[in-house]
Amino acid sequence: MRLVFMGYQTWGHRVLEALLTEHEVPLVITHPTSDHAYETIWDDSVVDLAAKHGIPVLERRYANDEEVAERLRELGPDLLVSSDWRTWVAPHIYGLAKHGAINIHDALLPRYGGFAPLNWALINGEREVGVTVHFMNESFDLGDIVLQRRVPVEDDDTVTDLFHKTIKLFAPMALEAIELIDSGRTDWTKQNPVDATFFHKRSIEDSRIYWTWSAKDIVNLVRAQAAPYPNTFAYFNGERIGILAASVSKLRLGGTPGRVFRPDGEGVAIVCGPGARSGAEHGVVVERIRTGDGREHRATDFFRTMGGYLTSHPSP
């Protein structure tokens with residue numbers, strides 16, 4: 001098929017690489033380079049790959065302008081293929097392709113549409129994630145589903161583990177979806193907007209730990225922000241520290257949330273949870289931290305004496 005590709009970062013790179021093995025790709029559209037923390041992590045270059053194959057590239061934040069439309073009219077593509085394209089594509093753009101446009105998204109749509117779906121799914125304690133290939137329509141991430149694959153979330157998985165599990169599905173699923181579309185199939189799975197959830201981009205504020213949360217919720221947040229993502233953080237004696245690894249204490253700990261309480265296995269247990277004052281909550285065992293100078297420490301080395309408090313904000 002004759003395809004126009006729209007994509008960015010490693011997700012886009014992997015899909016474009018696969019498309020070039022079986023299809024004609026006369027144009028690539030990608031986003032400009034960004035210094036946003038989440039756009040510099042998995043950043044294999046779509047531009048460099050296109051240049052290697054002599055494919056013209058348009059760089060756009062949005063792809064709904066007249067120049068893009070004119071290029072599509074000239075090329076007459078069978079299909080637009082999108083992977084990690086981060087802005088809404090208008091119907092007057094994808095409608096210029098014979099079969100419209102498909103997008104590959106790392107979530108089990110209709111849930112976790114939008115941004116950072118793996119991070120959000122892990123934060124919410126989901127037991128499975130996945131990849132969906134769907135058509136574009138007037139609504140973001142709500143078009144008919146062509147293919148969907150599920151991936152289990154193991155107890156010790158971090159968001160980086162989930163990235164590696166799901167990214168390997170992008171290329172083969174893109175090729176399979178294109179083959180199904182080319183075969184003339186039209187019996188796609190409708191998404192129910194009532195079941196949809198849509199998540200915003202993550203920022204520094206979304207990595208802040210609140211010690212009134214349950215131990216499980218805090219540990220899920222730490223797993224969801226594992227390196228190379230920006231780590232979760234808190235403050236101790238006014239100093240910001242990154243929390244790199246944590247687990248749920250076997251014991252229930254009573255007291256004030258954030259209290260550095262006692263050694264626990266490989267780490268130091270911190271009181272937490274909405275019912276902490278009654279002793280109803282398990283604590284968080286902080287195992288590894290990073291100080292402001294960039295150095296990593298075992299929590300047992302950093303918290304040499306018990307007492308004091310981890311806080312969500314620096315002391316006034």
Side-chain angles (χ1 to χ4, degrees), residues 1-97 99-107 113-118 131-137 140-141 143 163 166-175 177-178 200-202 228-229:
M1 293 181 77
R2 186 173 174 84
L3 311 173
V4 167
F5 179 71
M6 305 174 68
Y8 192 48
Q9 296 187 280
T10 298
W11 297 269
H13 187 280
R14 294 283 182 92
V15 172
L16 178 57
E17 197 171 43
L19 298 182
L20 291 170
T21 65
E22 297 188 15
H23 299 280
E24 178 189 2
V25 184
L27 177 66
V28 166
I29 307 172
T30 191
H31 293 307
T33 301
S34 168
D35 60 0
H36 187 283
Y38 284 77
E39 296 181 7
T40 58
I41 298 172
W42 313 113
D43 61 350
D44 295 299
S45 174
V46 169
V47 171
D48 290 350
L49 180 59
K52 178 181 175 182
H53 291 268
I55 303 171
V57 174
L58 292 178
E59 292 192 25
R60 292 288 192 279
R61 183 65 181 155
Y62 299 91
N64 300 323
D65 59 85
E66 181 54 32
E67 182 183 359
V68 171
E70 184 58 33
R71 294 293 295 275
L72 294 177
R73 292 188 195 101
E74 293 171 358
L75 294 170
D78 296 304
L79 185 69
L80 305 185
V81 179
S82 162
S83 179
D84 198 35
W85 183 259
R86 296 177 156 266
T87 55
W88 180 70
V89 179
H92 78 269
I93 294 295
Y94 65 72
L96 293 169
H99 298 291
I102 58 170
N103 178 56
I104 303 98
H105 183 68
D106 47 349
F115 297 92
L118 296 179
V131 176
T132 301
V133 182
H134 66 97
F135 280 98
M136 290 185 183
N137 67 0
F140 205 78
D141 289 342
F163 165 79
T166 54
I167 189 64
K168 66 177 64 173
L169 298 177
F170 270 58
M173 287 180 67
L175 293 176
I178 292 167
H200 63 73
K201 290 181 179 180
R202 292 188 64 75
Y229 289 89

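Residue numbers run from 1 in the order of the sequence given.
Phe115 is linked by a ring-ring contact (aromatic ring centres under 6.0 Å, His included) to nothing, counting only residues two or more places apart in sequence or in another chain. Pro56 is linked by a side chain to side chain contact (heavy atoms under 4.5 Å, CB included) to Leu27, Arg71, counting only residues two or more places apart in sequence or in another chain. Qualifying side-chain hydrogen bond (donor to acceptor under 3.5 Å, both in side chains) partners for Ser82, counting only residues two or more places apart in sequence or in other chains: Asn103. Considering only residues two or more places apart in sequence or on other chains, Thr33 meets the side-chain hydrogen bond (donor to acceptor under 3.5 Å, both in side chains) condition with none of them. Applying the salt bridge (Lys or Arg N to Asp or Glu O under 4.0 Å) test to Arg202 and every residue at least two apart in sequence or in another chain returns nothing. Taking Asn64 as the reference, nothing meets the side-chain hydrogen bond (donor to acceptor under 3.5 Å, both in side chains) condition, with sequence neighbours excluded. The side chain to side chain contact (heavy atoms under 4.5 Å, CB included) test applied to Ser45 returns Val47, Asp48, not counting sequence neighbours. Residues satisfying the side-chain hydrogen bond (donor to acceptor under 3.5 Å, both in side chains) test with Arg73, not counting sequence neighbours, are Glu66, Glu70.
For the ring-ring contact (aromatic ring centres under 6.0 Å, His included) condition, the pairs that include at least one residue of residues 69-90, sequence neighbours left out, are His31-Trp85. The salt bridge (charged side-chain N to carboxylate O under 4.0 Å, His left out) pairs that include a residue from residues 14-26 are Arg2-Glu24, where partners are two or more places apart or lie in different chains. Screening residues 54-77 for ring-ring contact (aromatic ring centres under 6.0 Å, His included), with sequence neighbours left out, gives no hits.
Within a 6.0 Å sphere centred on NZ of Lys201, heavy atoms belonging to other residues, nucleotides or ligands number more than 12.
The two residues Ile178 and Ile102 make their nearest non-hydrogen contact at CG1-CD1, 4.2 Å. The heavy-atom pair separating Thr21 from Ala18 by the smallest distance is OG1-O, 2.5 Å. Heavy atoms only, all atoms of each residue included: Val57 and Ala50 are closest at CG2-CB, 3.4 Å. Between Ile104 and Ala174, the shortest heavy-atom contact is CD1-CB, 4.0 Å. Gly100 and Leu79 make their closest contact through O-CD1, 3.4 Å (heavy atoms, listed as atom of the first residue, atom of the second, distance). Of all the heavy atoms in Ala101 and Tyr94, the pair that sits closest is CB-CB, 3.6 Å.
Two residues are said to be in side-chain contact when any heavy atoms from C-beta on lie closer than 4.5 Å; Asp106 and Phe170 meet this criterion.
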Dump the intermediate steps for side-chain contact (heavy atoms from CB on, under 4.5 Å) on Leu49 and Val28, then the final yes or no. CA-CA 10 Å; Leu49 180 59; Val28 166; over 6 Å; no
Derivation and outcome, side-chain contact (heavy atoms from CB on, under 4.5 Å), residues Leu20 and Ile55: CA-CA 10 Å; Leu20 291 170; Ile55 303 171; 3.5 Å; yes
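No donor-acceptor pair under 3.5 Å is formed between the side chain of Asp84 and the backbone N or O of Gly12. Side chain of His23 to main chain of Met1: a donor-acceptor pair is present (N/O by atom type, distance under 3.5 Å, no hydrogens or angles).
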Side chains of residues 4-11: which donor-acceptor pairs under 3.5 Å do they make with residues two or more places apart or in other chains?
unit_1 : atom_1 : unit_2 : atom_2 : d
Tyr8   : OH     : Pro32  : O      : 3.2
Tyr8   : OH     : Ser34  : N      : 3.3
Gln9   : OE1    : Arg86  : NH2    : 3.3
Gln9   : NE2    : Tyr38  : O      : 3.4
Gln9   : NE2    : Glu39  : O      : 3.3
Gln9   : NE2    : Trp42  : O      : 3.4
Thr10  : OG1    : Trp42  : O      : 3.1
Thr10  : OG1    : Asp43  : N      : 3.4
Thr10  : OG1    : Asp44  : N      : 3.3
Thr10  : OG1    : Asp44  : OD2    : 2.7

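Atom CD1 in Ile41 sits 5.5 Å away from atom OH in Tyr229 (nearest 0.5 Å).
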